[in-house]
Amino acid sequence: MKMINNHPYHLVDYSPWPLTGSIGAMTMTSGMVLWFHKNQMYLFYLGVMINLMTMYQWWRDIVREGTFQGKHTSKVVKGLKLGMILFIVSEVFFFISFFWGFFHSSLAPTVEIGMTWPPKGIKMFNPMEIPLLNTMILLCSGITVTWAHHSIMNKMHNQTNNALMLTVLLGFIFTILQGYEYMEASFCISDSIYGSSFYMATGFHGIHVIIGTTFLLICLIRNMKFHFSSNHHLGFEAAAWYWHFVDVVWIFLYISIYWWGS
């Protein structure tokens, strides 16, 4: 006999994915230790594979719950939105720590780095070249993801697809250009506090761009399969919020590290 809930909340079914995710995390962490000390990467690759398989199947189940089983009621959606907002707030503080470290070292350079910023021997990037181009690319991607959002709310299916394709393409181009910039750099992460600050801040931002691009690519695939409607598109909304956060962080990175810091 099927039980009918007398509440709007989603009581999740039993799932193996928290267990496999924990096993994957432990395997990957142990693999990193083995990689660092023995230069053997097989356990690390195994952990990454377990995590990727867990992520795919766990998120697949969530898509099924929200899209086909109707378990994402307005109450559940409200909770999920709050969770995404709190996650982005935690990410903001994550990047604040990098900016804190950067300005702590740059506003009062110590004698160990020659009492100058950038430290002697560091040849900085020209902020008017690739960094400025990447800034324009991310700003344009913010426009295209907003176009996609308005299109989905106005039931313009093809325009949503086109806008999401453009956003994913711009995110991919940004990543390629940042990789090229790293290849052409005259300093590395171990070159004084400047190298550490620069690569930690821009590198973690680059990882967030890759994650955001993947997030939006999944939204594009889901929209092509008609998973979203004009009033029920939480997955896309979360991806758009995340992408705007990535855009704003880059603007601060460009102004402080590339322009002012150079």
Side-chain angles (χ1 to χ4, degrees), residues 12-67 80 83-84 86-95 97-98 134 138 141 164 167-183 185 188-190 195-222 224-225 227 235-236 238-243 245-246 249-250 253:
V12 295
D13 300 325
Y14 289 114
S15 171
W17 311 131
L19 177 61
T20 60
S22 302
I23 292 169
M26 183 184 70
T27 306
M28 190 171 73
T29 308
S30 304
M32 289 179 73
V33 173
L34 199 61
W35 176 20
F36 294 160
H37 289 278
K38 300 285 187 180
N39 202 25
Q40 297 173 0
M41 297 188 67
Y42 61 90
L43 197 62
F44 173 74
Y45 288 141
L46 178 62
V48 170
M49 193 181 304
I50 294 170
N51 277 334
L52 288 174
M53 291 173 66
T54 299
M55 287 156 59
Y56 173 79
Q57 292 171 106
W58 200 341
W59 291 335
R60 175 206 62 190
D61 289 353
I62 293 169
V63 168
R64 286 174 178 171
E65 291 165 1
T67 307
L80 291 170
M84 189 66 193
L86 290 174
F87 168 68
I88 290 173
V89 169
S90 74
E91 292 280 273
V92 168
F93 281 94
F94 177 74
F95 277 98
S97 66
F98 294 133
N134 266 345
L138 273 193
S141 73
L164 278 172
T167 310
V168 170
L169 179 62
L170 289 168
F172 181 73
I173 293 170
F174 177 93
T175 303
I176 293 295
L177 285 172
Q178 191 170 31
Y180 175 75
E181 184 183 67
Y182 281 5
M183 288 172 62
C188 65
I189 195 169
S190 60
S196 302
S197 300
F198 177 85
Y199 282 106
M200 286 297 287
T202 60
F204 267 109
H205 177 268
I207 291 169
H208 282 71
V209 170
I210 293 169
I211 293 169
T213 305
T214 308
F215 203 170
L216 288 166
L217 178 62
I218 299 302
C219 288
L220 172 60
I221 294 167
R222 289 189 65 195
M224 287 177 170
K225 293 177 177 290
H227 284 190
F236 169 77
W241 291 351
Y242 187 83
W243 195 253
F245 155 74
V246 168
V249 169
W250 175 259
L253 279 173

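Side-chain atoms are counted along with the backbone in the values below, which use heavy atoms only and exclude waters and symmetry mates.
If you take CG on Leu43 and CE on Met26, they are separated by 9.0 Å, rounding to the nearest 0.5 Å. For the atom pair CG of Leu34 and CE of Met32, the computed distance is 12.0 Å after rounding to the nearest 0.5 Å. Rounded to the nearest 0.5 Å, atoms CG (Leu138) and CG (Leu253) are 10.0 Å apart. The OG1 atom of Thr167 sits 11.5 Å away from the CG atom of Leu217 when rounded to the nearest 0.5 Å. With values rounded to the nearest 0.5 angstrom, Leu164 atom CG is found 8.5 Å from Met224 atom CE.
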Check the pair Met28, Asn51 against side-chain contact (heavy atoms from CB on, under 4.5 Å), reporting the backbone distance first and the verdict last.
CA-CA 8 Å; Met28 190 171 73; Asn51 277 334; 3.7 Å; yes
Is there a side-chain contact (heavy atoms from CB on, under 4.5 Å) between Trp241 and Met84? Walk through the geometry before answering.
CA-CA 9 Å; Trp241 291 351; Met84 189 66 193; 4.0 Å; yes
Steps toward ring pair (Phe, Tyr, Trp, His ring centres under 6.0 Å) verdict (Phe204, Phe98)
CA-CA 10 Å; Phe204 267 109; Phe98 294 133; 5.5 Å; yes
Go through the steps for Glu181 and Leu177 under the test side-chain contact (heavy atoms from CB on, under 4.5 Å), then give the verdict.
CA-CA 6 Å; Glu181 184 183 67; Leu177 285 172; over 6 Å; no
Can Leu220 and Leu216 be said to form a side-chain contact (heavy atoms from CB on, under 4.5 Å), step by step?
CA-CA 6 Å; Leu220 172 60; Leu216 288 166; over 6 Å; no
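Under 3.5 Å, the side chains of Asn134 and Trp250 contain no donor-acceptor pair of N or O atoms. Looking only at atom types and distance, the side chain of Ser141 has a donor-acceptor partner in the side chain of Trp243 under 3.5 Å away. For the residue pair Thr54/Thr20, the side-chain donor-acceptor check at 3.5 Å is satisfied.
Under the 4.5 Å side-chain criterion, counting only non-hydrogen atoms from C-beta, Thr67 is in contact with Arg222. At least one side-chain heavy atom of Phe245 sits under 4.5 Å from a side-chain heavy atom of Val249. Within the 4.5 Å cutoff, the side chain of Ser30 has no heavy atoms near those of the Phe44 side chain. Side chains of Thr27 and Ile23 form a contact here, defined as non-hydrogen atoms less than 4.5 Å apart.
A donor-acceptor contact shorter than 3.5 Å links the side chain of Gln178 to the backbone of Thr202. Between the side chain of Tyr242 and the backbone N or O of Phe215, no donor-acceptor pair lies under 3.5 Å.
Within a 6.0 Å radius of OH in Tyr56, no more than 12 heavy atoms belonging to other residues, nucleotides or ligands are found. Atom CE of Met55 has more than 12 neighbouring heavy atoms from other residues, nucleotides or ligands inside a 6.0 Å radius. Annotation for Met49: atom CE does not count as buried by contact number, only 12 or fewer foreign heavy atoms lying within 6.0 Å. More than 12 non-hydrogen atoms from other residues, nucleotides or ligands lie less than 6.0 angstrom from CZ of Phe94. Counting non-hydrogen atoms of neighbouring residues, nucleotides and ligands closer than 6.0 angstrom, the CZ atom of Phe172 reaches no more than 12 such neighbours.
Heavy atoms only, all atoms of each residue included: Cys219 and Ala239 are closest at SG-CB, 3.8 Å. Taking each heavy atom of Ser15 and Trp17 in turn, the nearest pair found is OG-CD1, 3.0 Å. Gly24 and Ile50 make their closest contact through CA-CG2, 3.5 Å (heavy atoms, listed as atom of the first residue, atom of the second, distance).
For the side-chain contact (heavy atoms from CB on, under 4.5 Å) with Thr213, the lone residue among Ile218, Leu170, Val168 that qualifies is Val168.
Between Phe174 and His205, the angle of the ring planes goes over 60°, which puts this pair in the perpendicular group of the 30/60° scheme.
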